[in-house]
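Here the structure comes first, spelled out in structure tokens, and everything after it is commentary.
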Amino acid sequence: MPLLGCIADDFTGATDLANTLVKGGMTAVQVIGVPRGPLPEADAVIVALKSRTAPVAEAVAESLAACDALLAAGARQIFFKYCSTFDSTDAGNIGPVADALVQRLGCGFALANPAFPTNGRTVFQGHLFVGSALLNESGMENHPLTPMRDANLVRVLSRQTDGTVGLVPFAVVEQGAAAIRRAMTGLKESGRRYAIVDALTDEHLLAIGEAAAPHALITGGSGVAMGLPANFRAAGLLPERGAAASALPPMQGPAAVLAGSCSRATLGQIGYARDHAHTLELDVLARPDAGALLAQALDWAADKLGDHPVVIAASAPPEKVAALQAKLGRDAAGALVEETLASIAEALVARGVRRLVVAGGETSGAVVSRLGVAALRIGPEIDPGVPWTYAEPTGLHLALKSGNFGARDFFLKAFGA
Ligand SMILES: Nc1ncnc2c1ncn2[C@@H]1O[C@H](COP(=O)(O)OP(=O)(O)O)[C@@H](O)[C@H]1O
Ligand SMILES: O=C(O)[C@@H](O)C(=O)COP(=O)(O)O
């Protein structure tokens with residue numbers, strides 16, 4: 001019976017959250033899509049949805065179905081995981097999904113906190129920073145699907161909900177868990193449905209997690225989940241599990257990287273890979289045809305597959321992304337690239353690839369769905385927020401890298417190359 005039931009709005013986000021919980025000593029399994037049968041045995045079950053950019057009604061319906069399955073399995077607390085850069089549009093989907101969950105759980109209130117200080121995401125006076133830049137000056141203003149043009153999360157979330165949004169500011173968070181809990185209770189009693197909670201450090205996140213122990217619903221990035229294992233331990237529900245929480249079968253076999261993220265970090269990682277691995281950069285704009293791009297990639301990879309990774313990227317800088325979107329429309333451009341990379345993944349696995357890194361949340365969703373993966377067991381961390389996973393029933397090792405995560409050498413380092 002899971003202690004914590006999680007609903008993640010994309011697949012990389014789900015592994016990021018699972019990774020945090022495993023590091024905190026919980027066993028965690030990521031299931032792909034709304035569970036249809038019995039849930040796997042784990043302290044935390046993370047349902048990975050591809051709902052971040054889905055139509056609002058679909059995102060809400062799937063999230064509620066996931067919530068119902070988790071509650072039916074006995075989950076004691078629900079966590080709604082979204083991006084540490086609050087990826088969403090004014091239409092949603094963070095607000096509408098959170099609204100639906102608040103209503104389903106009858107809790108009237110939830111905190112909202114995307115901070116992830118280890119990866120440079122902090123929240124101060126309700127404003128989200130990426131490193132030293134405000135969110136809207138961090139490169140996220142150019143995201144292909146969810147451009148973030150306002151760093152004030154109170155405002156951003158207010159535009160997505162008919163509830164009201166308050167703030168638990170830094171000065172309160174600094175005082176620790178009891179003060180944070182009092183502030184959240186005060187906001188709830190004054191009619192606020194949400195509180196954006198400031199956090200600059202892991203200590204802040206641990207205090208927020210402790211303060212939220214009695215909450216039915218927590219919403220945020222993986223950072224705010226850091227404090228949750230201790231709550232279950234303090235309640236006598238979670239035994240000490242040590243390293244057993246992240247053990248996976250041994251990894252071996254041909255290696256590949258597929259990149260569909262156009263984030264600054266991923267573009268940098270592709271730049272590094274150019275000098276250290278066989279790297280193919282697909283020119284989707286010149287040839288917007290999934291079948292032709294698949295044929296090109298397979299032809300190129302034919303004599304290169306082996307223990308040293310091959311890297312195949314559709315990623316492009318903002319002006320090229322904008323040009324493809326102008327030609328095809330935003331959603332069709334994204335769907336074409338996702339279809340292309342999913343087909344390449346399927347063909348590479350058929351040709352023997354056993355270890356695969358996928359860069360990008362939407363991209364990972366497309367690839368994992370195509371590969372027929374039902375669940376991911378979480379293994380050791382490669383870089384903050386990105387673990388190796390073991391995909392069942394396919395027996396592949398997969399690392400789903402959030403677009404913005406990972407060091408510049410991530411695509412080599414993941415394979416020890
Ligand atoms: N060259 C390109 N032109 C237009 N869109 C692209 C291109 N390359 C990738 N995309 C799309 O951009 C989106 C990137 O989103 P995602 O995979 O979630 O990355 P991130 O993790 O950085 O958010 C995907 O829908 C992908 O298909
Ligand atoms: O919280 C995060 O930043 C990640 O877990 C995440 O959700 C990233 O999504 P993508 O950048 O779309 O991979």
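Counting starts at 1 for both ligands and their atoms, in listed order. Index from 1, following the sequence. Because the structure is a prediction, the values reported are computed rather than measured.
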Does a side chain donor of either Gln160 or Ser88 reach within less than 3.5 Å of an acceptor in the other side chain?
-> yes
Heteroatom proximity flag, Ser222 to ligand 2, N/O under 3.5 Å = no
For Asp16, the atoms of ligand 2 under 4.0 Å from one of its heavy atoms are 1 (O), 2 (C), 4 (C), 5 (O)
Practice item. Decide whether the shortest distance between a heavy atom of Lys320 and an atom of ligand 1 is less than 4.0 Å. Key: no
Ligand 2 to Ser84, heavy atom cutoff 4.0 Å, flagged ligand atoms 1 (O), 2 (C), 3 (O)
So the atoms of ligand 2 within less than 4.0 Å of a heavy atom of Gly13 turn out to be 5 (O), 6 (C), 7 (O)
So the atoms of ligand 2 within less than 4.0 Å of a heavy atom of Asp10 turn out to be 7 (O), 9 (O), 10 (P), 12 (O), 13 (O)
Ligand 1 atoms nearer than 4.0 angstrom to some heavy atom of Ala316 are 1 (N)
**OP:** Output yes when Arg52 and Glu362 qualify as a salt bridge under the 4.0 Å nitrogen-oxygen rule, no when they do not.
**Re:** no
Here the atoms of ligand 2 under 4.0 Å from any heavy atom belonging to Lys81 are 1 (O), 2 (C), 4 (C), 5 (O), 6 (C), 7 (O)
Exercise for the section: Flag the pair His276 / Phe411 as yes when their ring centroid distance falls below 6.0 Å, and as no otherwise. Expected result: no
Within 4.0 Å of some non-hydrogen atom of Thr363, the atoms of ligand 1 are 17 (O)
The atoms of ligand 1 lying under 4.0 Å from a heavy atom of His143, numbered in the order shown, are 20 (P), 23 (O)
Note: heavy atom closest to atom 14 (C) of ligand 1, options Ala332, Ser364, Gly360, Gly260, belongs to Gly260
Note: ligand 1 atoms sitting under 4.0 Å from heavy atoms of Cys262 are 7 (C), 8 (N), 9 (C), 10 (N)
Check the side chains of Asp87 and Thr85 for a donor-acceptor pair under 3.5 angstrom, ignoring hydrogens and angles.
yes
Per-atom filter on ligand 1: closer than 4.0 angstrom to a heavy atom of Ala314 are 1 (N), 2 (C), 7 (C), 8 (N)
The side chain to side chain contact (heavy atoms under 4.5 Å, CB included) partner of Leu356 among Val367, Val257, Val368 is Val367
Note: Gly209 and Leu228 closest approach over all heavy atoms is O-CD2, 3.9 Å
#### Entry: Min heavy-atom dist Gln325 to ligand 1 below 4.0 Å
no
Review point. Do Asp87 and ligand 2 have an N or O pair less than 3.5 Å apart?
Key: no
Note to self: Tell me whether ligand 2 is touched by Phe116 - counting only heavy atoms on the residue side and a distance under 4.0 Å.
What the structure shows: no
Go through the side-chain N and O atoms of Asp9 and Ser51 and say whether any donor and acceptor fall under 3.5 Å apart. no
One finds that the ligand 1 atoms under 4.0 Å from a non-hydrogen atom of Val321 are 3 (N), 4 (C)
A student comparing Ala333, Ser261, Cys83 should find that the heavy atom closest to atom 22 (O) of ligand 1 comes from Ser261
- Item | Asp383/Lys401 ion pair, N-O < 4.0 Å | no
Ligand 2 atoms nearer than 4.0 angstrom to some heavy atom of Phe405 are 2 (C), 3 (O), 4 (C)
Here the atoms of ligand 1 under 4.0 Å from any heavy atom belonging to Pro144 are 12 (O)
The atoms of ligand 1 lying under 4.0 Å from a heavy atom of Leu145, numbered in the order shown, are 25 (O)
Charged N to carboxylate O under 4.0 angstrom, Glu339 versus Arg370? yes
of all protein heavy atoms, closest to atom 18 (O) of ligand 1 is Glu362 N, 2.7 Å
Ligand 2 atoms nearer than 4.0 angstrom to some heavy atom of Gly361 are 10 (P), 12 (O), 13 (O)
When distances are taken from atom 3 (N) of ligand 1, the protein heavy atom at minimum range is Leu324 CD2, 3.4 Å
- Can you tell me if Glu362 has a non-hydrogen atom under 4.0 Å from ligand 2? no
